[in-house]
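Notes follow the structure.
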Amino acid sequence: MTEYETVLFDNDGILVDPPAAETQREATQAAFREVGVTDIDEQHLNAIVTGVTVDGLAELCTDCGIDPETFWAARERHDERSQLEAFESGTRGCYDDVACLTELSQPCGVVSNNHHSTVAFVLEFFGLCPLFDTYYGREKTVESLRLKKPNPHYLERALADLDAESALYVGDSESDVVAADRAGIDSAFVRRSHCRDATLSVTPTYEVATLHEVVRIADGRSVCTQ
C-alpha cells in the first residue's frame with residue numbers, strides 16, 4: 001500500500017528550471033511598450049514581475065492610463081513567448097531527477113501558477129505527458145490572478161480529476177505549501193538551488209533535496225516529517 005493515493009507537482013522549479021527574472025522583465029517591458037507606455041516606472045515593472053494582484057494591476061494601469069485587460073493580454077502573450085523561446089533554445093531545461101517519477105505507481109498531476117498552455121507545451125516538449133494524468137495552469141486572464149496559488153483552486157480541480165483522498169503536493173515555494181494546506185493535503189518542499197536558502201514562515205510536511213526522496217515518501221518508504 002502506498003503512502004499517498006496521488007502526487008501533484010508544481011511545474012517551474014520542480015519539473016523544469018524556473019524562468020529567469022531578466023527574461024520576465026524583458027517580456028513585461030515589451031508588453032508596456034505594446035500598449036504605449038515607453039517611460040516604464042521601475043516600481044510598476046517590479047510589481048508585475050514579482051506577482052501582481054488584481055487590485056494592484058488595476059491601480060497600476062490607472063496610474064499609467066492604460067486598460068488592464070488590454071495590458072494583461074499583452075503581458076501574458078509576451079511572457080509565454082519568452083518562455084517557449086527559452087525552452088526551445090535550451091536556456092531552460094528539465095531537471096534530471098524528473099526521470100525517477102516513472103517509478104511512481106499512483107496517478108499524478110501537475111498544478112502550476114504558469115499559463116495552462118505553457119504547462120501543456122512543457123509536458124509535450126520534454127516528453128512528460130505519460131507521467132501525468134491531469135494538469136492545470138491558469139488561464140491568461142486578469143481573473144486568474146485571484147485563483148493562483150496560494151489559492152487552492154487548481155489543486156482542488158486536479159484532486160477532483162484524480163478522485164484521491166490522500167495526496168501530496170510537491171513544490172518549491174511558500175505559496176505551494178500554503179496552497180496544499182488549504183486544500184487539506186500534505187506538502188513536500190524541494191530545496192532546489194534557487195530556493196536552497198529560502199526561509200519559510202510555514203512548515204511543509206516534508207523537506208527534501210531531490211525528487212528521488214519524493215518517490216520514496218509517496219511509496220511509504222520514508223515518512224520523516226520536518
note = Output for pair (D163 CG, E165 CD), nearest 0.5 Å, gives 7.5 Å

query = Do other residues, nucleotides or ligands put more than 12 heavy atoms under 6.0 Å from the CD atom of E22?
reply = yes

Under 3.5 Å, which donor-acceptor pairs do the side chains of residues 55-65 form with other protein atoms, sequence neighbours left out?
| from | atom 1 | to | atom 2 | distance (Å) |
| --- | --- | --- | --- | --- |
| T62 | OG1 | A58 | O | 2.9 |

inquiry  = Strictly distance-based, threshold 3.5 Å: is any side-chain N or O of E174 a donor or acceptor partner for the main-chain N or O of P150?
reply    = no

query = Shortest non-hydrogen contact from G51 to K148?
reply = CA-NZ, 4.0 Å

ask   = Atom CZ in F9, atom CG in L104: separation rounded to 0.5 Å?
value = 5.5 Å

key: Cluster link L101 to Y169, ILVMFWY, side chain under 4.5 Å   = no

inquiry  = Using only atom types and a distance under 3.5 Å, with no angle test, would you say the side chain of R33 pairs donor to acceptor with the backbone of V37?
reply    = no

ask   = Can you find a side-chain donor-acceptor pair between D186 and Y4 that sits under 3.5 Å?
value = yes

request  = Spell out, as yes or no, whether a donor-acceptor pair under 3.5 Å connects the side chain of Y136 to the backbone of N113.
outcome  = no

ask   = Looking just at side-chain N and O atoms, do N46 and R25 make a donor-acceptor pair shorter than 3.5 Å?
value = yes

query = Donor-acceptor pair, S144 side chain versus K140 backbone, under 3.5 Å?
reply = no

inquiry  = Using a strict threshold of under 4.0 Å (side-chain N to carboxylate O), is an ion pair present between E76 and R138?
reply    = yes

request  = Measure from the side-chain N and O atoms of T205 to the backbone N and O of A188, and report whether any donor-acceptor pair falls under 3.5 Å.
outcome  = no

query = Got a salt bridge between R92 and D12, using NZ or NE/NH1/NH2 to carboxylate O under 4.0 Å?
reply = yes

query = For the hydrophobic clusters of this structure (ILVMFWY residues joined by side-chain heavy atoms under 4.5 Å, transitively), does one cluster hold both I217 and V110?
reply = yes

remark   = Here the gap from E156 atom CD to R182 atom CZ, rounded to the nearest 0.5 Å, amounts to 10.5 Å

ask   = What distance separates L200 CG from S175 OG, expressed to the nearest 0.5 Å?
value = 10.5 Å

query = So, the side chain of D176 versus the backbone of D172: is there a donor-acceptor pair under 3.5 Å, distance only?
reply = yes

key: Polar contact flag, side-chain donor to acceptor under 3.5 angstrom, S82-Q24   = no

inquiry  = If you take the centroid of each ring, where Trp contributes its six-membered ring, are Y206 and F189 closer together than 6.0 Å?
reply    = no

inquiry  = Check whether Y95 forms a cation-pi arrangement with R192 (NZ or CZ under 6.0 Å from the six-membered ring centre, at most 45° off the ring normal).
reply    = yes

key: From L159 atom CG to E5 atom CD, the distance as rounded to the nearest 0.5 Å   = 10.5 Å

key: Shortest non-hydrogen contact between V190 and V214, atoms and distance   = CG2-CG2, 4.4 Å

query = Quick one: do the E139 and H116 side chains pair a donor with an acceptor below 3.5 Å?
reply = no

request  = For the residue pair N11 and Y135, confirm or rule out a side-chain donor-acceptor distance under 3.5 Å.
outcome  = no

ask   = Any link between L147 and V119 through a network of hydrophobic side chains (Ile, Leu, Val, Met, Phe, Trp, Tyr) touching at under 4.5 Å?
value = no

ask   = Is it true that the side chains of N114 and E80 contain a donor and an acceptor less than 3.5 Å apart?
value = no

